[in-house]
Participant: 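Could you have a look at this structure, given as structure tokens, before my questions?
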Protein chains: 2
Amino acid sequence: MSGKLPGGRRQPTIHEVAATAGVSIGTVSRVASESPRVAPETRARVLAAMAELGYQPNAAARAMRTNQTMTIGFLIPDMTNQVFARVAQGAETVLAPEGYMLFAFSSNRSPAREIEFLQAARQRQMDGLIVTLSDETATGTIEEIARMGVPVVVLDREIPVEADVVYSEHMQPIETVVEQLLQLGHRRIGLITASHNIRPGRDRVVGFKRALEKAGVPIDDWLIRARTQSAERGMAETHDLLTGPNPPTAILAAGSDIFYGALKAVRLLGLSIPDDISFVGADDALLGELVYPPITVIDRDMVEVGRQAAGLLLDRLKGLDGPPRRIMLGSDVLLRGSIAAPKRR
Amino acid sequence: MSGKLPGGRRQPTIHEVAATAGVSIGTVSRVASESPRVAPETRARVLAAMAELGYQPNAAARAMRTNQTMTIGFLIPDMTNQVFARVAQGAETVLAPEGYMLFAFSSNRSPAREIEFLQAARQRQMDGLIVTLSDETATGTIEEIARMGVPVVVLDREIPVEADVVYSEHMQPIETVVEQLLQLGHRRIGLITASHNIRPGRDRVVGFKRALEKAGVPIDDWLIRARTQSAERGMAETHDLLTGPNPPTAILAAGSDIFYGALKAVRLLGLSIPDDISFVGADDALLGELVYPPITVIDRDMVEVGRQAAGLLLDRLKGLDGPPRRIMLGSDVLLRGSIAAPKRR
DNA sequence: CTGTTAGCGCCTTCAC
DNA sequence: GTGAAGGCGCTAACAG
């Protein structure tokens with residue numbers, strides 16, 4: 001480090017405010033903390049001094065005394081995914097009125113970065129966390145969560161920690177969709193979704209298989225692609241499915257990134273929906289209705305997920321004790337013109 | 001507050017580590033700060049104690065001494081807008097290797113929330129900020145930035161503060177597009193974009209008018225809608241334009257949210273692109289190629305914006321002095337099949 | 001109602 | 001190479 005002291009321009013402290021207001025630091029502190037035991041006239045003088053100096057209490061010093069930072073951390077796998085951004089938005093609407101600041105951190109689906117975030121959150125004494133892990137099998141992440149010592153709300157993951165969780169329903173909507181497709185005469189349906197290492201991926205595969213079993217349609221594992229969530233992956237898997245020896249007549253792209261990639265692959269192959277291929281997307285209702293024909297989509301209210309998660313967190317922040325709570329939120333199937341009977345049998 | 005002390009489970013302190021390692025806190029501190037003057041054997045004992053206790057240094061206490069938090073704040077108008085999310089991603093790739101944590105905060109385009117964020121950042125002694133304001137004319141926000149005392153990088157805004165800025169080119173691409181449309185025979189072109197209160201909105205209008213003037217085409221202010229950025233707004237303005245008495249034959253939806261909304265309005269009106277209406281979008285190249293016909297889009301590399309912004313910030317963090325620097329990044333026009341000659345003249 | 005004071009956990013001289 | 005001690009800015013308990 002250079003000789004320059006870090007931190008830039010020194011900020012005014014409580015002492016300077018006290019000096020310019022002609023009171024003691026204790027009084028300034030009382031005004032800053034909105035304690036009632038201050039004479040109106042004194043309070044006014046202090047407030048004036050604060051405004052004049054542009055005083056903001058030093059959060060580090062305050063945190064050291066109070067063990068509170070009024071800061072909530074939100075761990076997201078991928079900031080550019082609107083699904084998570086909407087959760088943040090929903091959580092914010094609940095947390096802000098209570099005076100908490102919500103800060104989002106994107107791990108880019110790296111468990112190592114997730115651990116770094118959790119440690120950073122612990123160092124920074126954040127009051128609570130909402131986390132979406134990118135891999136349930138990464139033990140390091142789970143250990144860190146266990147160490148946190150502050151309330152943590154987990155989103156849509158099954159991990160062995162004592163934490164409140166908000167789940168989304170994934171099996172049922174997939175089942176509904178697959179039943180629809182079977183009814184239309186489809187027998188080979190491709191499923192592209194997230195990895196088995198996270199609940200959404202697992203559950204979708206379960207729902208998928210269940211629908212096929214119920215209908216007595218044999219399961220071809222080649223048609224099931226549960227891998228990393230990304231547009232690239234979605235595109236690659238879709239391309240592979242559609243150019244394979246015995247391609248599916250319908251594609252389920254379950255995941256917003258996967259949806260984009262899969263749709264792109266279909267476009268690149270010059271296939272027409274639903275004549276050449278039936279297509280179902282997920283988690284981006286808007287895209288689904290902007291393209292032609294509009295695309296059937298499995299949709300869920302992520303803003304509500306955020307609200308619920310924040311609600312669970314707030315309860316704990318207010319001292320609620322007791323065993324972990326679980327909330328399950330539903331998903332909708334928005335039926336649109338992208339599915340039809342397969343061309344030939 | 002209840003009697004329960006906040007902060008949850010107490011975290012191990014440097015004292016406990018010192019005790020279990022059988023050394024003094026000074027030695028533990030030296031190990032934690034990776035100071036070289038520690039005997040290898042002692043260091044090993046301390047490291048073991050840290051691991052055993054799951055010790056993480058208290059950032060508040062550390063910040064109090066060092067005036068550094070290794071935290072960068074990123075103020076975004078709207079987290080659900082991929083444009084900003086990509087910037088965060090780009091900035092992160094530059095900041096993380098230097099040990100900084102990047103935390104994003106979404107203001108939901110509220111200047112009041114922006115002020116709250118800036119104050120929170122100052123209280124929390126963040127080391128630097130990247131900010132995208134939602135309104136250049138909000139003086140409160142600008143005053144807060146001036147008070148920060150740490151480096152701030154401003155994105156694509158013209159505000160009277162001593163700060164480095166990363167600009168995107170907005171005039172030139174709009175001009176290019178308008179020239180194209182004029183050449184095809186369009187004379188009435190609708191422009192929907194952000195408010196005049198932010199640079200992108202202003203510059204796009206300027207570029208738009210310039211192209212028309214150069215061609216000697218009269219300017220009809222009714223056709224220019226520089227308002228709030230949102231899908232709803234984009235939809236409403238587009239609907240209004242297309243159902244008006246003398247509708248445009250081409251629509252420029254300059255802004256990603258506006259793009260979605262405008263396209264939706266076109267769909268709802270049952271108009272076909274480019275037969276009934278020529279259409280140009282912005283900032284979402286992917287959507288542009290997923291719909292049919294593919295849509296001409298003004299695109300820019302927001303990840304690069306983030307990288308550049310982080311670079312400017314890092315320089316300052318490392319002590320670079322001197323006048324504000326400006327970086328201008330270009331935009332591309334991706335010509336696709338959504339524009340054609342107007343039906344009738 | 002207001003001033004004084006003791007730490008919160010850590011880093012950093014300064015002795016040893 | 002290691003221990004002891006002061007103080008960063010603030011809150012809270014205690015006098016007055």
Side-chain angles (χ1 to χ4, degrees), chain A residues 1 3 5-47 49-50 53-70 122-125 149, chain B residues 1 3 5-47 49-50 53-70 122-125 149:
Chain A
M1 311 293 149
L5 91 165
R9 200 185 65 189
R10 251 192 82 277
Q11 296 288 334
T13 74
I14 201 169
H15 286 100
E16 295 164 50
V17 176
T20 71
V23 298
S24 77
I25 62 162
T27 302
V28 176
S29 173
R30 273 185 282 266
V31 172
S33 312
E34 292 170 5
S35 154
R37 327 194 123 283
V38 182
E41 193 261 340
T42 313
R43 141 174 275 106
R45 260 210 337 279
V46 172
L47 253 16
M50 286 180 174
L53 299 172
Y55 171 75
Q56 289 288 334
N58 180 321
R62 186 175 262 182
M64 209 134 124
R65 292 284 315 177
T66 62
N67 284 318
Q68 268 198 279
T69 58
M70 299 310 281
R122 191 142 65 95
Q123 291 180 184
R124 288 165 177 74
Q125 322 271 97
Chain B
M1 312 296 148
L5 92 164
R9 201 185 64 190
R10 250 191 82 277
Q11 296 288 333
T13 74
I14 201 169
H15 287 99
E16 294 163 52
V17 176
T20 72
V23 297
S24 79
I25 61 162
T27 303
V28 176
S29 174
R30 275 184 279 266
V31 172
S33 311
E34 291 169 7
S35 155
R37 327 195 122 282
V38 182
E41 193 261 343
T42 313
R43 140 175 274 103
R45 262 211 333 281
V46 172
L47 253 15
M50 285 179 173
L53 299 171
Y55 171 75
Q56 290 287 334
N58 180 320
R62 183 175 266 184
M64 208 134 128
R65 291 281 315 173
T66 63
N67 284 317
Q68 267 198 283
T69 57
M70 298 311 281
R122 191 142 65 94
Q123 290 180 183
R124 287 166 177 75
Q125 323 269 97

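In what follows, every chain begins at residue 1, and chains take the letters A, B, ... in the order their sequences are listed.
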Participant: Can you tell me the distance, in whole Å, between the CG atom of Leu53(A) and the P atom of dG9(D)?
Facilitator: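 To the nearest whole Å, that distance equals 14 Å.
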Participant: Go nucleotide by nucleotide along DNA chain C from the 5' end; which of Arg62(B) and Ala61(A) gets its closest nucleotide reached first?
Facilitator: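 The residue closer to the strand's 5' end, by nearest nucleotide, is Ala61(A).
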Participant: Taking atom OG1 of Thr13(B) and atom CD of Gln56(B), what is their separation to the nearest 0.5 Å?
Facilitator: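 Going from the OG1 atom of Thr13(B) to the CD atom of Gln56(B) covers 13.5 Å.
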Participant: Between dG7(C) and Arg65(A), counting only base atoms on the nucleotide and side-chain atoms on the residue, is there a donor-acceptor pair under 3.5 Å?
Facilitator: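 For Arg65(A), whose side chain was compared with the base of dG7(C), there is a donor-acceptor pair (under 3.5 Å).
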Participant: So what does Val23(B) hit on the nucleic acid, given a heavy-atom distance under 4.0 Å: a base, only sugar-phosphate, or nothing?
Facilitator: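 Result for Val23(B) = sugar-phosphate.
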Participant: Quick check: do Met50(B) and Val46(B) have side-chain heavy atoms less than 4.5 Å from each other?
Facilitator: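 In contact.
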Participant: Which residue in the set Leu53(B), Asn58(B), Thr20(B) passes side chain to side chain contact (heavy atoms under 4.5 Å, CB included) when paired with Pro12(B)?
Facilitator: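 It is Leu53(B), the one option of Leu53(B), Asn58(B), Thr20(B) that forms the side chain to side chain contact (heavy atoms under 4.5 Å, CB included) with Pro12(B).
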Participant: Respond yes when some side-chain nitrogen or oxygen of Ser29(A) is under 4.0 Å from OP1 or OP2 of dT11(D), and no when none is.
Facilitator: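 It does, given that an N or O in the side chain of Ser29(A) lies less than 4.0 Å from OP1 or OP2 of dT11(D).
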Participant: Would you kindly give the CG-to-C1' distance between Asn67(A) and dA12(D), to the nearest whole Å?
Facilitator: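 Taking atom C1' of dA12(D) as the reference, CG of Asn67(A) is at 13 Å.
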Participant: Counting only distance, no hydrogens or angles, is the base of dG3(D) paired donor-acceptor with the side chain of Arg30(B) under 3.5 Å?
Facilitator: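 Answer yes: a donor N or O sits under 3.5 Å from an acceptor.
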Participant: Specify the separation, in whole Å, of atom NE2 of His15(A) and atom P of dC10(D).
Facilitator: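 These atoms are roughly 8 Å apart.
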Participant: Would you check if Arg124(A) and Met70(B) make a side-chain contact, meaning some heavy-atom pair closer than 4.5 Å?
Facilitator: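 With C-beta onward as the side chain, the pair touches.
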Participant: In whole angstroms, how far is the P atom of dG9(C) from the CD atom of Glu16(B)?
Facilitator: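 To the nearest whole Å, that distance equals 9 Å.
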Participant: dT11(D) P sits how many Å from Gln68(A) CD, rounded?
Facilitator: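 In whole Å, dT11(D) P and Gln68(A) CD are 12 Å from each other.
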Participant: Once you round it to whole Å, what is the distance between C1' of dG7(C) and CE of Met64(A)?
Facilitator: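 In whole Å, dG7(C) C1' and Met64(A) CE are 9 Å from each other.
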Participant: For the side chain of Ile25(B), starting at C-beta, report the closest nucleotide among dA5(D), dC1(C), dG1(D).
Facilitator: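 So the nucleotide nearest the side chain must be dA5(D).
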Participant: Looking at dT11(D), I'd like to know if its phosphate oxygens (OP1 or OP2) sit under 4.0 Å from a side-chain N or O belonging to Ser33(A).
Facilitator: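 Indeed, a polar side-chain atom of Ser33(A) lies that close.
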Participant: Would you indicate, yes or no, if dT2(D) has its OP1 or OP2 atom less than 4.0 angstrom from a side-chain nitrogen or oxygen of Thr42(B)?
Facilitator: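 It does, given that an N or O in the side chain of Thr42(B) lies less than 4.0 Å from OP1 or OP2 of dT2(D).
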Participant: Nearest to the side chain of Ser24(B), which nucleotide is it out of dC10(C), dG1(D), dA4(D)?
Facilitator: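 Output: dA4(D).
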Participant: Look at Thr13(A) and dG9(D) and indicate whether a side-chain polar atom (N or O) is within less than 4.0 Å of OP1 or OP2.
Facilitator: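 For dG9(D), neither OP1 nor OP2 has a side-chain N or O of Thr13(A) closer than 4.0 Å.
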Participant: In whole angstrom, give the distance that lies between atom CD1 of Ile14(A) and atom P of dA12(D).
Facilitator: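 Between P of dA12(D) and CD1 of Ile14(A): 11 Å.
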Participant: Has Thr27(A) got a side-chain N or O lying under 4.0 Å from the OP1 or OP2 atom of dG3(C)?
Facilitator: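 The answer is yes; a side-chain N or O of Thr27(A) sits under 4.0 Å from OP1 or OP2.
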